[in-house]
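Since this is a predicted model, take the numbers as computed values, not measurements.
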Amino acid sequence: MRGQLIDRIKAYWNERIHDLEMTDQPVGSVEFFDDLDEYRFDKLRYLSTVVDFNGYRDRALIEIGCGIGTDLLRFARGGARVTGVDLAERSIDLARTNFALHELPDAADLRVADGEALPFPDESFDVVYAHGVVQYTANPARMIAESRRVLKTGGEAIFMVYNRYSWLSALSTLMRVGLEHEDAPVLRLFSIGEYRRLLRGFAAARIVPERFPVPSRLHKGWKGMVYNGVFVGAFNVLPRALIRPLGWHLMAFCRK
């Protein structure tokens, strides 16, 4: 049964490129990769403030669910020794092209692999990074356990999952707008308490709610006008200390 679910997840992500609708450039061109990088870090403005992509020079880093290599390329440019794995062959092929077009063809070990059964020995990496992957896997606890297994003692793991009790979950229900990849074979939302229990095998885990409303290029029509013209500004004048638990992304920074 697990194998069948993994196959469905693999097929789903082989048919999709995350945020593809945000570029009209040919798939696999340098302009395509640059467009998706620009859109990702505009949409996730918080990410480069909480993750120091230049802070892992000469450290062995693995990204689980690396997709087309957008974040992994930033780590490589910062001097990390990077490995990327993904279930989808298409993603790994595009990640290799991304690195080659940005003149880092030999900077990454890129492999098709299951994040719940990583093909690496215990304590292989200084850093494990999995941003927006755990919620889509067949068995989140197994992926977290594998991440911990391949992490060196004292190493750092960085995860992100979606917050069940977030502004975006509520807005999605109210506006009847589906969540991103809601049709995926698996999509789980986590409360902060559930997430903390998932991470309890680490020696330390700090959970930081992030991703608050920013203007969106994705939604059009009256819903987009209401969201960009009213909701974003109104939400962001609220005291951040009050609304922080409602962040859509739950970032976790863990130590083994």
Side-chain angles (χ1 to χ4, degrees), residues 6-48 51 53-54 61-115 129-137 160 162 168 177-187 211 214-221 223-225 227-228 248-249:
I6 292 291
D7 287 344
R8 287 172 54 212
I9 294 169
K10 182 175 184 176
Y12 178 89
W13 291 107
N14 261 319
E15 293 170 3
R16 288 160 180 81
I17 299 172
H18 193 56
D19 292 331
L20 179 61
E21 65 274 23
M22 303 315 299
T23 180
D24 57 6
Q25 299 298 324
V27 173
S29 66
V30 68
E31 296 82 6
F32 162 83
F33 292 114
D34 289 348
D35 276 0
L36 292 192
D37 176 271
E38 187 277 330
Y39 176 69
R40 176 170 174 77
F41 284 89
D42 179 54
K43 176 178 68 172
L44 307 183
R45 296 177 189 181
Y46 77 85
L47 188 53
S48 58
V51 175
F53 290 96
N54 296 317
L61 179 148
I62 182 172
E63 180 175 6
I64 300 172
C66 66
I68 65 173
T70 304
D71 290 8
L72 197 64
L73 184 62
R74 292 198 174 209
F75 284 117
R77 283 172 165 164
R81 293 181 285 111
V82 300
T83 297
V85 299
D86 202 288
L87 266 179
E89 294 95 337
R90 188 185 190 196
S91 291
I92 292 299
D93 288 344
L94 284 169
R96 289 183 178 128
T97 302
N98 192 5
F99 271 75
L101 289 174
H102 289 98
E103 301 181 354
L104 289 170
D106 302 315
D109 178 1
L110 296 164
R111 307 189 192 186
V112 176
D114 180 358
Y129 180 78
H131 188 280
V133 179
V134 173
Q135 56 265 51
Y136 293 112
T137 198
M160 183 279 281
Y162 297 147
L168 187 56
V177 174
L179 296 172
E180 208 167 29
H181 300 297
E182 199 169 51
D183 61 337
V186 177
L187 173 57
R211 195 180 171 194
V214 298
S216 172
R217 294 183 242 165
L218 181 61
H219 299 299
K220 310 296 182 183
K223 291 182 178 180
M225 291 175 61
Y227 177 82
N228 289 325
W248 171 230
H249 288 183

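To the nearest 0.5 Å, the span separating OG1 on Thr97 from NE2 on His102 amounts to 11.5 Å. Within the model, atoms NE2 of His181 and CG of Asp183 stand 8.0 Å from one another, a figure rounded to the nearest 0.5 Å. If you take CG on Leu61 and OG1 on Thr83, they are separated by 8.0 Å, rounding to the nearest 0.5 Å. Atom CG of residue Asp24 and atom CD of residue Glu31 lie 10.5 Å apart, to the nearest 0.5 angstrom. For the atom pair Glu182 CD and Leu187 CG, the distance stands at 7.0 Å (nearest 0.5 Å). Here the straight-line distance linking atom CZ of Arg96 with atom CG of Leu104 works out to 15.5 Å at 0.5 Å rounding.
Ionic pairing of Asp109 and Arg111 is present here: one or more N-O contacts between side-chain nitrogen and carboxylate oxygen are shorter than 4.0 angstrom. The pair Lys10-Glu89 meets the salt-bridge criterion, with a side-chain N (NZ, NE, NH1 or NH2) lying under 4.0 Å from an Asp/Glu carboxylate O.
The ring of Phe53 has its center closer than 6.0 angstrom to the ring center of Phe41.
A distance-only check finds no donor-acceptor pair linking the side chain of Thr23 to the backbone of Leu20 [under 3.5 Å]. Using modelled atom types, one side-chain atom of Arg16 and one backbone atom of Tyr12 make a donor-acceptor pair closer than 3.5 Å.
Residues Leu87 and Tyr136 have side chains not in contact (no heavy-atom distance under 4.5 Å, counting atoms from C-beta outward). Between Leu72 and Leu110, some side-chain heavy-atom pair lies under the 4.5 Å cut-off. In this structure, Asp71 and Arg40 have side chains that are in contact, with non-hydrogen atoms separated by less than 4.5 Å.
When all heavy atoms of Ala107 and Ala76 are compared, the pair lying nearest together is CB-CB, 4.4 Å. Considering all non-hydrogen atoms of both residues, Leu44 and Arg211 come closest at CD2-CD, 3.6 Å. Considering every non-hydrogen atom in both Ile68 and Phe33, the closest pair reads CD1-CD2, 4.0 Å.
For Ala88, the side-chain contact (heavy atoms from CB on, under 4.5 Å) partners two or more places apart in sequence, or in a different chain, are Trp13, Asn14, Asp86, Ser91.
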Open item on the list: Run Lys43 and Glu180 through salt bridge (charged side-chain N to carboxylate O under 4.0 Å, His left out) and show every step you take.
Closed with: CA-CA 13 Å; Lys43 176 178 68 172; Glu180 208 167 29; 3.7 Å; yes

